[in-house]
S.K.: 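Sending over a structure as structure tokens; questions will come in a sec.
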Amino acid sequence: MTNQELIEKIKTIKEAQPGNLMARHFDAAYFLSLDEHSRQRLVRIIASGIENPDSQMGAYAMNPQDYDQFATMLDPMIRDSHGIPADIEIAPQNDWDTGGTACDLGAIDERLKDVSMRVRVARNVSTFPLPGAMSREQRVAFESVAAQAFTKLIEDPEFGGQYLSTTPGSPHEIDEDEYEHRVKAHQMFKDMSADPYLNVAGISADWPHGRGMYVSRDEDFLVWVGEEDHLRIMAMQHGGNLNVLFERLRAGLETLTGLLPPFATSPTYGNVTSCPTNLGAGMRASLHMKLPGLTSHGSDLTRLKQEAKKLGLSVRGAGGEHSGAGKDGLVDISPSARLGVTEMEIMQRLYDGAAALWAME
Ligand code: DAR
């Protein structure tokens, strides 16, 4: 495709899909001002949004430096996605101090004292390209670096467990039955080539090489290796106390950080992630709740999504990013903000949002 054909294609997408932030913020003059190598790099970053016109963001970084080197285009997309005006300085900030507030869902309603809760952070190490640009060899080499860190984690009584690899020939390789068991238990992720956005971005390439999961003995601390980011570090519990859940993740992240190469960070955006929607805290905190009234018993999420958006929340089905509501209107709710907010603010927004939706229900 020539430069002019690409420009025309993106113009067409912009008219047909106004929600595609890549198309919305693509500037032909900026694109043509780049040298040929930079143009090729930028096309690779935005390829997902070109091939998938219905994208929300429409871009995935290939290297941590991309966010700073292509800021002219990516920064307006990031600010648009995270609702940060152009004149506001984005200052990465962290606050894991769970002592300042009590977020026990049981205090909202006795029926919320035992729900499925999960909080995860995305992290990428600075010593490898991001997943969209990794070769099979690099994916396997990174997995070895992570597995080395896990051998030390296994010795920690707080987080001891096992590493399960899908890489053929790996010393930690699991068989198909174990893999299916872990997928059914909502612990292991699946082949991502079914996701058209990740597929075009190259993030799903080389499956199942360089992929796996670490799971603690009590199965409440997990680490995905080689999914959308190098690492997805998560705590998951059935219960109602968000403080306990967040503290579990904080402690696990702190322990693991000391065992790995430095994480990729940006002075502007904080933790660097493949998708710009995850920049900053890189955190997604969520819980499942039954909202039959707000979802017409799970058949229609329209009203719930509208109400949730007003509360700074996003809604998914309980089965993941592109799933529908479950029985009795079971849904997954989570704060949308990742950038310019602290971990504790995310926890508080989840708690307050759940309380507000429960009151509406
Ligand atoms: N579907 C892609 C990514 C949206 C955010 N979800 C992630 N990163 N898993 C899009 O650009 O619409």
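For ligands, and for the atoms within them, numbers begin at 1 and follow the listed sequence. Sequential numbering from 1 along the given sequence is applied to the chain's residues.
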S.K.: In terms of heavy-atom contacts, does CD of Q40 have more than 12 from other residues, nucleotides or ligands at under 6.0 Å?
M.R.: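 Yes.
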S.K.: Kindly say whether the aromatic ring centers of Y214 and Y163 come within a distance under 6.0 Å.
M.R.: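 For Y214 and Y163, the ring centres are not under 6.0 Å apart.
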S.K.: Can you pull the salt bridge (charged side-chain N to carboxylate O under 4.0 Å, His left out) pairs that have at least one residue in residues 186-195, sequence neighbours excluded?
M.R.: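 Applying salt bridge (charged side-chain N to carboxylate O under 4.0 Å, His left out) to every pair that reaches into residues 186-195, excluding sequence neighbours, yields nothing.
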S.K.: Would you say Q56 and ligand 1 have an N/O pair spaced under 3.5 Å apart?
M.R.: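 The answer is yes, given that Q56 and ligand 1 share an N or O pair closer than 3.5 Å.
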S.K.: Looking only at distances, please establish whether an N/O atom of ligand 1 is found under 3.5 Å from an N/O atom of M57.
M.R.: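 Yes, since at least one N or O of M57 sits under 3.5 Å from an N or O of ligand 1.
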S.K.: What residue and atom, counting heavy atoms only, is the protein's closest point to atom 3 (C) of ligand 1, and at what distance?
M.R.: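 The closest one turns out to be Y60 OH, 3.3 Å.
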S.K.: For E228, is there an ion pair with R232 - N to carboxylate O distance below 4.0 angstrom?
M.R.: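 Yes, R232 and E228 are salt-bridged.
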S.K.: Under 4.0 Å between a Lys/Arg side-chain N and an Asp/Glu carboxylate O for E219 and R182?
M.R.: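 Yes, E219 and R182 are salt-bridged.
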S.K.: Test your reading of the structure: does E228 have an N or O sitting under 3.5 Å from an N or O of ligand 1?
M.R.: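 Yes; at least one N/O pair falls below 3.5 Å.
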S.K.: For atom 6 (N) of ligand 1, what's the nearest protein heavy-atom neighbour? Residue, atom name and distance, please.
M.R.: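 Result: E321 OE2, 2.7 Å.
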S.K.: Distance from L253 atom CG to F246 atom CZ, nearest 0.5 Å?
M.R.: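 Going from the CG atom of L253 to the CZ atom of F246 covers 12.0 Å.
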S.K.: Any nitrogen or oxygen of A59, side chain or backbone, less than 3.5 Å from one on ligand 1?
M.R.: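 Between A59 and ligand 1, no N or O pair is found under 3.5 Å apart.
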S.K.: Is C275 touching ligand 1 with its side chain, its backbone, both, or neither, if touching means heavy atoms under 4.0 Å apart?
M.R.: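 Answer for C275: side chain.
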S.K.: Which residue and atom name correspond to the protein heavy atom nearest atom 11 (O) of ligand 1, and how close is it?
M.R.: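 For this ligand atom, the closest protein heavy atom is G58 N, 2.9 Å.
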S.K.: Report, as yes or no, whether the 6.0 Å neighbourhood of atom NZ on K152 holds more than 12 heavy atoms from other residues, nucleotides or ligands.
M.R.: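 Yes, the 6.0 Å shell around NZ holds more than 12 heavy atoms from other groups.
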S.K.: Which ligand 1 atoms, with their elements, are less than 4.0 angstrom from a heavy-atom of T277?
M.R.: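 By the 4.0 Å cutoff, the relevant atoms are 5 (C), 8 (N).
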